[in-house]
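Predicted model only: the values in this text are computed from it and were never measured. Indexing begins at 1, ligand by ligand and atom by atom, following the structure's order. Excluded from the calculations below are hydrogen atoms, water molecules and symmetry mates; all remaining heavy atoms, backbone and side chain alike, are included. Residues take their numbers from the sequence shown, with the count starting at 1.
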Amino acid sequence: MPLAEFTAELSAMRAAAEAAFASAADADAVEAARIEFLGAKAGKLREAQKGLGAVAKDDKPAAGKHFNDAKQAIEAALAAAQERLNAGGAKQRTGPAFDATVPGTPLVLGHLHPITQTIEELKDIMGRLGFVVADGPEIEDEWHNFEALNIPPSHPARDPLENFYLSTAKAANPAGKTSATNEPTLLLRSQTSTVQIRVMEKTPPPVRIIALGRVYRPDTADATHYPMFHQIEGLLVDRHVTMADLKTVLRLFASSYLGSDVHIRFRPSFFPFTEPSVEVDMSWNDGWLEMGGAGMVDPHVLQAVGYDPDEVSGFAFGLGVERLCMRRHAIDDIREFYKNDVRFLQQF
Ligand code: PHE
C-alpha cells in the first residue's frame with residue numbers, strides 16, 4: 001500500500017474518531033466510540049495497524065509515526081470526552097442498574113466470647129446460692145497476692161520466675177517522693193484469692209462473695225496452659241462454717257453447671273491460705289475432672305484482715321473458668337479461646 005493512501009485513510013479515521021468522541025452525549029456513547037476506534041479486537045485503529053504491514057519497507061518509519069500520532073490523538077479525544085462527562089456531575093453517570101432481586105449481604109451478628117458467656121452463667125448460678133460478685137485489680141501488690149494469704153517472702157510461689165512482677169511501677173514513681181525500698185512491688189495477680197483479702201479488709205463478717213477475673217502466670221502456652229486465664233473465686237465466712245458447707249456449695253455449683261448427676265471428690269492438698277486444703281474434682285462422663293483448689297480459710301488469713309478466728313470460720317475455693325468451659329463444650333485446646341478465629345468463636 002502506498003504511503004499516501006495509508007496516511008489519508010488514517011487521517012480520515014482520526015477525524016471520524018475525534019468527532020465521535022467530541023459529540024458523545026453520555027457514557028454509553030463514549031463507550032461505543034471507544035469500542036469502534038480503540039477496541040482491542042476489531043477497533044478501527046487495530047485495523048489500521050494491520051495496514052501498516054502492507055506499506056513498503058522504506059515508508060515504514062514515516063507510516064509508523066503517522067500511526068502513533070493518530071493513536072495518541074484518538075486516546076486524547078477519549079480522555080477528553082470522559083473528563084467532559086465526569087465534570088457534568090452525577091446525573092450523567094450511568095452505573096449498572098439496581099437489581100432489587102439480587103440477594104442481600106447478610107449482616108453477621110457478633111456475640112459474647114465463650115469465656116464471657118461462661119462467666120455470666122457462673123455468676124448466675126452462684127448468685128442463686130446467695131453469693132454476690134466482688135472485684136479487685138489485676139495489678140496487685142505483694143500484700144494482697146501473697147503476704148495476707150499467708151505466703152511469706154521465702155515461699156517458692158513468690159519466685160520471680162513464677163510471677164509477672166512489674167518493674168515499671170518503680171520507674172513511674174515521681175523522683176524524691178518515696179525511697180526505693182518503700183515503694184510497693186507490683187505484679188499481675190497470679191490468683192483471684194487476692195479479692196478475698198480485699199473484701200475482708202473492707203467488710204466485717206459474714207461475707208459470701210465470688211470474684212471472677214483474669215490471672216497471670218508465666219507458663220508456656222500449650223493445650224492446657226496459657227499465661228493468662230480466668231478463675232472463679234468463692235469465699236464464705238460466717239459462724240460455724242464447715243467443710244460440709246464447702247462440699248454442698250460446690251456440689252450445687254457443679255450440678256447446676258454440668259448436670260444433676262455430678263459427684264464431688266476432694267483430694268488432700270496444700271495451700272498456704274487454707275487449712276485443711278483440697279483439690280476439687282467433679283465427675284465427668286466416666287472419669288474425674290480437676291476443677292481447682294479449695295479449703296477452710298486459714299486462721300492466719302482471718303487474723304491478717306482483722307477477723308477473729310475464734311468467732312468465725314470460712315471456706316474458699318478457686319476454680320479454672322476455661323477448664324469448665326472446655327469440658328462443657330468439648331474444646332481440647334485452651335489456645336483456641338485467644339486466637340480470635342471467628343470460625344471458632346461463632347460456634348458458641
Ligand atoms: N488460689 C488457688 C490457686 O490459684 C486456688 C484456691 C483458692 C485454693 C481458694 C484454695 C482456696 O491455685
Side-chain angles (χ1 to χ4, degrees), residues 119 122 126 129 131 133-138 140-152 155-159 162-164 187-201 207-219 224-238 241-251 253-254 264-282 289-305 307 309 312-324 334:
I119 286 174
L122 300 184
M126 294 307 290
L129 295 176
F131 286 76
V133 177
D135 208 0
E138 288 178 22
E140 263 298 3
D141 51 48
E142 291 187 294
W143 167 256
H144 292 96
N145 202 86
F146 299 124
E147 212 76 42
L149 288 163
N150 203 25
I151 307 174
H155 196 282
R158 295 176 68 156
D159 194 301
E162 303 289 332
N163 295 283
F164 286 114
L187 74 160
L188 299 178
R189 69 178 176 194
S190 62
Q191 50 187 353
T192 44
S193 301
T194 54
V195 186
Q196 292 185 31
I197 303 302
R198 288 192 172 270
V199 168
M200 289 191 285
E201 279 175 340
V207 295
R208 188 188 279 237
I209 57 105
I210 51 167
L212 294 112
R214 299 186 185 98
V215 298
Y216 301 86
R217 298 177 189 177
D219 289 333
T224 54
H225 294 86
Y226 207 73
M228 182 281 300
F229 60 98
H230 295 74
Q231 286 187 324
I232 171 170
E233 188 87 11
L235 172 71
L236 189 151
V237 182
D238 206 338
V241 178
T242 68
M243 202 89 174
D245 299 317
L246 169 62
K247 198 162 182 177
T248 304
V249 165
L250 284 175
R251 180 180 294 122
F253 170 77
I264 294 290
R265 181 172 80 171
F266 284 173
R267 281 179 291 116
S269 186
F270 175 81
F271 298 102
F273 37 94
T274 46
E275 180 58 34
S277 302
V278 291
E279 301 267 350
V280 187
D281 295 342
M282 291 177 187
L289 161 61
E290 193 186 306
M291 304 301 316
M296 302 307 294
V297 180
D298 193 292
H300 288 108
V301 176
L302 296 175
Q303 266 159 358
V305 296
Y307 284 14
V312 291
S313 57
F315 68 69
F317 60 84
L319 313 177
V321 173
E322 276 81 355
R323 181 158 290 187
L324 285 158
I334 191 174

Checklist entry - Taking only residues two or more places apart in sequence, or in another chain, which ones meet Glu233 in a salt bridge (charged side-chain N to carboxylate O under 4.0 Å, His left out)? => result none

Between ligand 1 and the protein, which N/O pairs fall short of 3.5 Å?
{"residue": "ligand 1", "atom": "1 (N)", "partner": "Gln191", "partner atom": "OE1", "Å": "2.8"}
{"residue": "ligand 1", "atom": "1 (N)", "partner": "Ser193", "partner atom": "OG", "Å": "2.9"}
{"residue": "ligand 1", "atom": "4 (O)", "partner": "Arg217", "partner atom": "NH2", "Å": "2.8"}
{"residue": "ligand 1", "atom": "4 (O)", "partner": "Gln231", "partner atom": "NE2", "Å": "2.9"}

Checklist entry - Side chains of Phe266 and Leu246: closer than 4.5 Å at any heavy-atom pair? => result yes

Checklist outcome for this item: Applying salt bridge (charged side-chain N to carboxylate O under 4.0 Å, His left out) to Arg217 and not counting sequence neighbours gives none

Checklist entry - For the side chain of Thr194 and the backbone of Asn145, is there at least one donor-acceptor N/O pair under 3.5 Å apart? => result no

Next on the checklist: Here's a test for you: under side chain to side chain donor-acceptor pair (under 3.5 Å), which of Arg198, Arg189, Gln191 qualifies with Glu140?
Outcome noted: Arg198

Checklist entry - What pairs with Phe164 under side-chain contact (heavy atoms from CB on, under 4.5 Å), at least two apart in sequence or on another chain? => result Leu188, Tyr216, Pro218, Pro227

